[in-house]
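Below is one structure, written out as structure tokens; the observations come after it.
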Number of protein chains: 2
Amino acid sequence: MNDLAFRVIGAAHEVEGRLEGALGTIGLSLAKLNVLKALADTDEPLPLSHLADRCCCVRSNITQLVDRLEADRLVERLPDPADRRSVRAALTPAGRERHAEAVRLVGETEREVFAGLGEEDRQALTRLLGRLGS
Amino acid sequence: MNDLAFRVIGAAHEVEGRLEGALGTIGLSLAKLNVLKALADTDEPLPLSHLADRCCCVRSNITQLVDRLEADRLVERLPDPADRRSVRAALTPAGRERHAEAVRLVGETEREVFAGLGEEDRQALTRLLGRLGS
DNA sequence: GATGTATGATTCACCCATGAACGATCTCGC
DNA sequence: GCGAGATCGTTCATGGGTGAATCATACATC
């Protein structure tokens with residue numbers, strides 16, 4: 001009954017820690033993966049504003065993430081000839097590769113983390129989480 | 001089944017957001033509240049290292065948090081005559097008060113967030129979360 | 001008592017996130 | 001065509017988190 005909020009937060013923190021740990025071994029983080037995922041999903045260069053929308057974060061955050069991803073040579077900035085205000089982010093081949101590795105790693109880690117739960121438990125958990133915040 | 005990890009993280013993010021929003025109205029944050037709680041629970045000045053242990057974070061983080069809480073006049077640093085390396089953090093009267101307000105606010109918010117779940121659901125959620133990460 | 005090691009807190013560099021302010025550019029309405 | 005206002009990305013200040021390095025102090029051992 002009590003402190004359920006902190007239990008949810010604590011559990012998520014644990015899961016996040018596991019994922020960050022796994023991704024750290026290939027030089028990524030959840031934040032970076034999130035950007036790579038958005039780019040891999042649409043499979044074409046995305047204006048940074050669109051990227052911010054898909055990542056559910058503010059534009060200034062994307063600026064910094066793309067800075068770091070560009071330094072990692074996983075993403076590059078392309079000018080948009082049609083709108084000179086706009087900058088589009090594109091996956092490099094290395095970025096596409098790294099994203100694939102990351103997806104594999106995350107899947108593995110997820111399986112480990114939820115190994116203690118059967119299929120029914122997982123559905124129950126999903127359902128319960130979906131009913132929070134009304 | 002799929003993406004359950006991200007569902008857990010997302011739900012926790014939502015809950016965190018609600019709590020941060022509520023605490024923001026009285027100039028606090030979850031991080032600050034966490035420190036106040038540790039001090040209120042033991043009810044005596046705590047060396048910053050112990051505080052770091054109880055808050056499950058590194059010492060450098062506590063240094064910064066106590067800096068801000070001291071600026072807010074909610075906490076003060078006391079020298080330890082028995083060990084001149086040590087600095088103890090103590091709640092000010094204002095800190096004690098603010099902590100009480102915060103606890104009330106968090107309780108309210110928690111009730112709102114989990115209003116959609118009955119007692120059985122809450123127990124089920126607690127149980128499921130407890131089985132993560134084995 | 002001197003020396004060497006462990007420990008306490010701080011500082012620094014980094015990562016991630018937000019919001020405000022800004023300069024450049026686009027677009028709409030006149 | 002031009003001016004007003006919207007939009008794009010960046011920068012800056014702030015808050016929260018980590019780990020490495022540093023300095024003072026404590027302590028153990030000789």
Side-chain angles (χ1 to χ4, degrees), chain A residues 9-10 12-14 16-21 23-24 26-36 38 45-72 74-90, chain B residues 9-10 12-14 16-21 23-24 26-36 38 45-72 74-90:
Chain A
I9 293 171
H13 213 75
E14 173 74 20
E16 260 182 303
R18 296 281 284 263
L19 292 175
E20 294 279 8
L23 289 172
I26 59 170
L28 285 185
S29 61
L30 280 173
K32 285 180 176 178
L33 174 55
N34 203 23
V35 172
L36 296 185
L46 274 182
L48 300 197
S49 287
H50 293 199
L51 209 43
D53 291 343
R54 302 202 184 217
C55 294
C56 295
C57 65
V58 299
R59 279 167 309 163
S60 58
N61 195 16
I62 292 295
T63 294
Q64 297 183 122
L65 277 165
V66 170
D67 283 349
R68 289 189 288 266
L69 286 167
E70 206 169 18
D72 294 340
L74 301 178
V75 159
E76 52 184 354
R77 279 180 164 91
L78 303 177
D80 182 343
D83 184 343
R84 282 154 52 215
R85 295 170 302 180
S86 180
V87 173
R88 292 168 309 157
Chain B
I9 292 171
H13 213 75
E14 174 74 21
E16 261 181 304
R18 297 281 285 262
L19 292 175
E20 295 277 9
L23 289 172
I26 58 169
L28 284 185
S29 62
L30 279 172
K32 285 179 175 178
L33 174 55
N34 203 23
V35 171
L36 295 186
L46 274 182
L48 300 196
S49 287
H50 293 198
L51 209 42
D53 291 345
R54 303 203 184 213
C55 295
C56 294
C57 64
V58 299
R59 277 168 308 165
S60 58
N61 196 13
I62 291 295
T63 294
Q64 296 184 122
L65 277 166
V66 170
D67 282 350
R68 283 179 235 126
L69 286 167
E70 207 170 17
D72 295 339
L74 301 178
V75 158
E76 52 184 353
R77 280 181 164 89
L78 303 177
D80 183 344
D83 184 344
R84 283 157 49 215
R85 293 170 303 180
S86 182
V87 173
R88 292 168 307 157

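A note on names: the letters A, B, ... follow the listed sequences, proteins ahead of strands, and every chain is numbered from 1.
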Inset, instruction - Mind checking B/Leu65 for me? I need base, sugar-phosphate or nothing, with any heavy atom below 4.0 Å counting as a touch. - result: sugar-phosphate
Inset, instruction - Look only at the side chain of A/Arg77 and the backbone of A/Arg88, and say whether a donor-acceptor pair between them is shorter than 3.5 Å. - result: no
Inset, instruction - In whole angstrom, give the distance that lies between atom CG of A/Leu30 and atom C1' of D/dT18. - result: 15 Å
Legend entry - Least distance between heavy atoms, A/Ala90 atom then A/Leu78 atom: CB-CD1, 3.7 Å
Legend entry - For DNA chain D, the residues among residues 49-61 of chain A that have a non-hydrogen atom under 4.0 Å from it: A/Ser49, A/Arg59, A/Ser60
Legend entry - Closest-nucleotide 5' rank along DNA chain C - winner of A/Ile62 and B/Arg77: B/Arg77
Inset, instruction - Between A/Asp67 and A/Asp83, just flag the one whose closest nucleotide in DNA chain D comes earlier from the 5' side. - result: A/Asp83
Inset, instruction - Specify the separation, in whole Å, of atom CZ of B/Arg85 and atom C1' of D/dT22. - result: 15 Å
Inset, instruction - Grab the two heavy atoms, one from A/Pro81 and one from A/Pro79, that are nearest each other, plus how far apart they are. - result: CD-O, 3.5 Å
Inset, instruction - Would you indicate what A/Thr63 reaches in the nucleic acid, counting non-hydrogen atoms under 4.0 angstrom: base, sugar-phosphate, or nothing? - result: base
Inset, instruction - For B/Lys32 and B/Leu74, run side chain to side chain contact (heavy atoms under 4.5 Å, CB included): C-alpha distance rounded to whole Å, both residues' side-chain angles, the deciding distance at 0.1 Å, then the answer. - result: CA-CA 10 Å; B/Lys32 285 179 175 178; B/Leu74 301 178; 5.9 Å; no
Inset, instruction - Locate the shortest heavy-atom distance separating A/Leu46 from A/His50; write the atom from each residue and the value. - result: CD2-CB, 4.2 Å
Inset, instruction - Specify the separation, in whole Å, of atom CG of B/Asp72 and atom C1' of D/dT14. - result: 13 Å
Legend entry - side chain to side chain contact (heavy atoms under 4.5 Å, CB included) between B/Leu33 and B/Leu19, intermediate numbers included: CA-CA 11 Å; B/Leu33 174 55; B/Leu19 292 175; over 6 Å; no
Inset, instruction - Rounded to the nearest angstrom, tell me the gap between atom CD in A/Gln64 and atom C1' in D/dT14. - result: 12 Å
Inset, instruction - Provide, to the nearest angstrom, the distance between the CD atom belonging to A/Glu20 and the P atom belonging to D/dG16. - result: 19 Å
Legend entry - Step-by-step side chain to side chain contact (heavy atoms under 4.5 Å, CB included) determination, B/Val66 to B/Leu51: CA-CA 10 Å; B/Val66 170; B/Leu51 209 42; 4.2 Å; yes
Inset, instruction - Starting from the 5' end of DNA chain C, give me the residue, A/Leu28 or B/Ser86, whose nearest nucleotide shows up first. - result: B/Ser86
Inset, instruction - Mind calculating the distance between NZ (B/Lys32) and C1' (D/dT14) to the nearest angstrom? - result: 10 Å
Legend entry - Covered region of DNA chain C, 5' end to 3' end, by chain A [heavy atoms, under 4.0 Å]: C/dC15 to C/dC26
Inset, instruction - Determine the contact category for A/Arg88: base if any of its heavy atoms lies under 4.0 Å from a base atom, sugar-phosphate if only primed atoms, P, OP1 or OP2 are that close, otherwise nothing. - result: nothing
Inset, instruction - Show the numbers, then the answer: is there a side chain to side chain contact (heavy atoms under 4.5 Å, CB included) between A/Leu28 and A/Leu36? - result: CA-CA 10 Å; A/Leu28 285 185; A/Leu36 296 185; 3.9 Å; yes
Inset, instruction - Give the minimum heavy-atom separation between A/Arg59 and A/Ser49, together with the two atoms involved. - result: CD-OG, 3.6 Å
